[in-house]
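Structure record follows, encoded as structure tokens.
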Amino acid sequence: IASMQPLLWQVMLRIASMQPLLWQVMLRIASMKFLLPGELDSFPEALRRLLRDYIEPNVDGRALHDPSSFRDRFCYLEEVDEILLQHQESLRSLFTVYARGDGALGDKIKSVKLLDMDEWHRFCKDMKFFDADFTQREEQLTFLWSRMRSVDIEKSKAKIVQLSFEDFLEAIIRVSCLKTLPTEFQIYEYGFSDAGEFFLAIRSDPELGTQFADFVKTYAHAWDEDPPQNPERCVDCLISMMLRTVDLAVGKKKGVGDLEDMVVDAHKAKRFMLLASRIVDTREGKDGSSDAAPKKVGGASALKIASLLSS
């Protein structure tokens, strides 16, 4: 993705500057539709009717999403907090490395301490979040919904177009609640220790990947539906996938073994990001697809996964 920071900022300023004009237009429409014909006799009633009956029904629900409501229901929970604290070092290391990106010191709009949209996209791509249930649209929405709100746009440019570490944690929670994840029963019934092992096995065999696409279609939920599992379970699944993805690429255990031994420090996070960049540069075509065939799982592992996905 080409850098979107200047464009994003210009769009936000333009929208902010046009709001008074937009309200004038809507008031004129409400007047022509309800006041002049004599159907209603006050501007507030006319505007309320216009918004309720004509505007709101035609607006995509994502534009009406309430970020605060999501935070109350899924983020501000003791169980979720415990999962995030358990993996705080790894999450902090990954955030710090990806936030540094190509930002310039002294440039608040390109801060090396905040994560911009391009850096978030790179992180999601390297972590292999993208799938039928998490496309680039969901990636951008999670970024936008997780940003810090500010009353004074002019004085808070950096916070509006970038994510702090706390915003990043919220984005991780949002991703985990959007993706289709195996249940605890499915994971342990088929011999995996966590969701990370499950996903690594899926990625290792293209044939299993095709079956997984059917699995997603069967069990996926809409963006505005509650996830079928508790939020802390969703977060735990996603983080286990992240840690094993990093360890598979640059760790000593190659993604196999106890998750507690796969903590991501700053050095490991940097090596992972650099390696992912090199793989993209050398293996991918213009369409973003990789020419390298993954190493397949074999024997009992393949049979276990195939059985799970077809159940």
Side-chain angles (χ1 to χ4, degrees), residues 67 70-71 74-129 134 139 142-148 156 158-179 194-196 199 231-253 255 257-277:
F70 177 90
R71 292 170 188 137
F74 298 103
C75 298
Y76 303 149
L77 301 175
E78 184 177 351
E79 296 82 0
V80 172
D81 189 53
E82 288 177 356
I83 299 296
L84 296 176
L85 285 174
Q86 180 182 346
H87 301 288
Q88 182 177 14
E89 180 181 352
S90 297
L91 294 169
R92 175 74 71 174
S93 297
L94 289 166
F95 171 80
T96 301
V97 168
Y98 275 87
R100 187 165 186 82
D102 60 353
L105 287 170
D107 183 354
K108 292 184 178 180
I109 304 301
K110 264 301 207 189
S111 172
V112 297
K113 295 182 179 180
L114 299 172
L115 194 77
D116 64 37
M117 185 174 285
D118 289 338
E119 292 162 346
W120 170 245
H121 172 79
R122 182 179 184 181
F123 174 80
C124 291
K125 188 174 183 179
D126 292 351
M127 287 297 170
K128 305 186 187 301
F129 287 167
F134 188 80
E139 169 233 324
T142 55
F143 179 91
L144 295 173
W145 288 336
S146 300
R147 293 170 305 151
M148 181 72 70
S156 306
K159 291 181 180 180
I160 291 176
V161 298
Q162 297 175 109
L163 302 182
S164 66
F165 178 63
E166 290 74 19
D167 300 334
F168 170 73
L169 295 181
E170 178 183 330
I172 293 296
I173 297 172
R174 288 182 179 277
V175 174
S176 73
C177 290
L178 283 171
K179 289 189 65 63
D194 53 53
F199 280 106
E232 64 269 18
R233 178 66 192 161
C234 295
V235 174
D236 189 54
C237 285
L238 188 72
I239 292 178
S240 71
M241 184 180 79
M242 291 165 52
L243 297 186
R244 290 192 184 276
T245 297
V246 174
D247 196 79
L248 176 66
V250 297
K252 295 180 180 179
K253 293 183 172 293
D258 293 335
L259 200 64
E260 292 76 12
D261 298 329
M262 300 182 188
V263 176
V264 180
D265 58 19
H267 178 66
K268 192 173 181 180
K270 186 174 183 178
R271 286 176 56 215
F272 172 74
M273 187 182 73
L274 293 175
L275 178 63
S277 298

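Worth saying up front: this structure is predicted, and the values here are computed from it rather than measured. Only this structure's heavy atoms are used, side chains among them; waters, hydrogens and symmetry mates stay out.
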Evaluation steps, side chain to side chain contact (heavy atoms under 4.5 Å, CB included), between D261 and K252: CA-CA 9 Å; D261 298 329; K252 295 180 180 179; over 6 Å; no

Could you tell me which non-hydrogen atom of [X] sits nearest to which non-hydrogen atom of [Y], and how far apart they are?
X    : Y    : value
C75  : I173 : SG-CD1, 3.8 Å
H87  : L259 : CE1-CD2, 4.3 Å
D118 : D116 : N-OD1, 3.1 Å
I172 : L238 : O-CD2, 3.4 Å
V175 : F129 : CG1-CD1, 4.0 Å

salt_bridge([X], [Y]) N-O dist < 4.0 Å:
X    : Y    : value
D236 : R233 : yes
D258 : K253 : no
R244 : D194 : yes

Are the side chains of [X] and [Y] in touch, meaning some heavy atoms are under 4.5 Å apart?
X    : Y    : value
L114 : E119 : no
V263 : K268 : no
L91  : I239 : yes

Sequence neighbours excluded - salt bridge (Lys or Arg N to Asp or Glu O under 4.0 Å) pairs with any residue from residues 81-97: none

Any side-chain donor near an acceptor of the partner, R147 and S164, under 3.5 Å: no

Please check: side-chain N/O of [X] versus main-chain N/O of [Y], any donor-acceptor pairing under 3.5 Å?
X    : Y    : value
K113 : A99  : no
S146 : F143 : no
S93  : A269 : no
R174 : T142 : no
W120 : E139 : yes

Check: F123 ring centroid to F95 ring centroid under 6.0 Å: no

Reported [atom1]-to-[atom2] distance for the pair [X] and [Y], which is rounded to 0.5 angstrom:
X    : Y    : atom1 : atom2 : value
K179 : M241 : NZ    : CE    : 5.5 Å
D126 : M273 : CG    : CE    : 8.5 Å
L84  : E170 : CG    : CD    : 11.0 Å
L169 : I83  : CG    : CD1   : 13.0 Å
F199 : S240 : CZ    : OG    : 8.0 Å
F272 : M242 : CZ    : CE    : 9.0 Å

For E232, salt bridge (Lys or Arg N to Asp or Glu O under 4.0 Å) partners two or more places apart: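 Counting only residues at least two positions away or on another chain, E232 forms no salt bridge (Lys or Arg N to Asp or Glu O under 4.0 Å).
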
Partners passing salt bridge (Lys or Arg N to Asp or Glu O under 4.0 Å) against K270 (at least two apart in sequence or in another chain): none

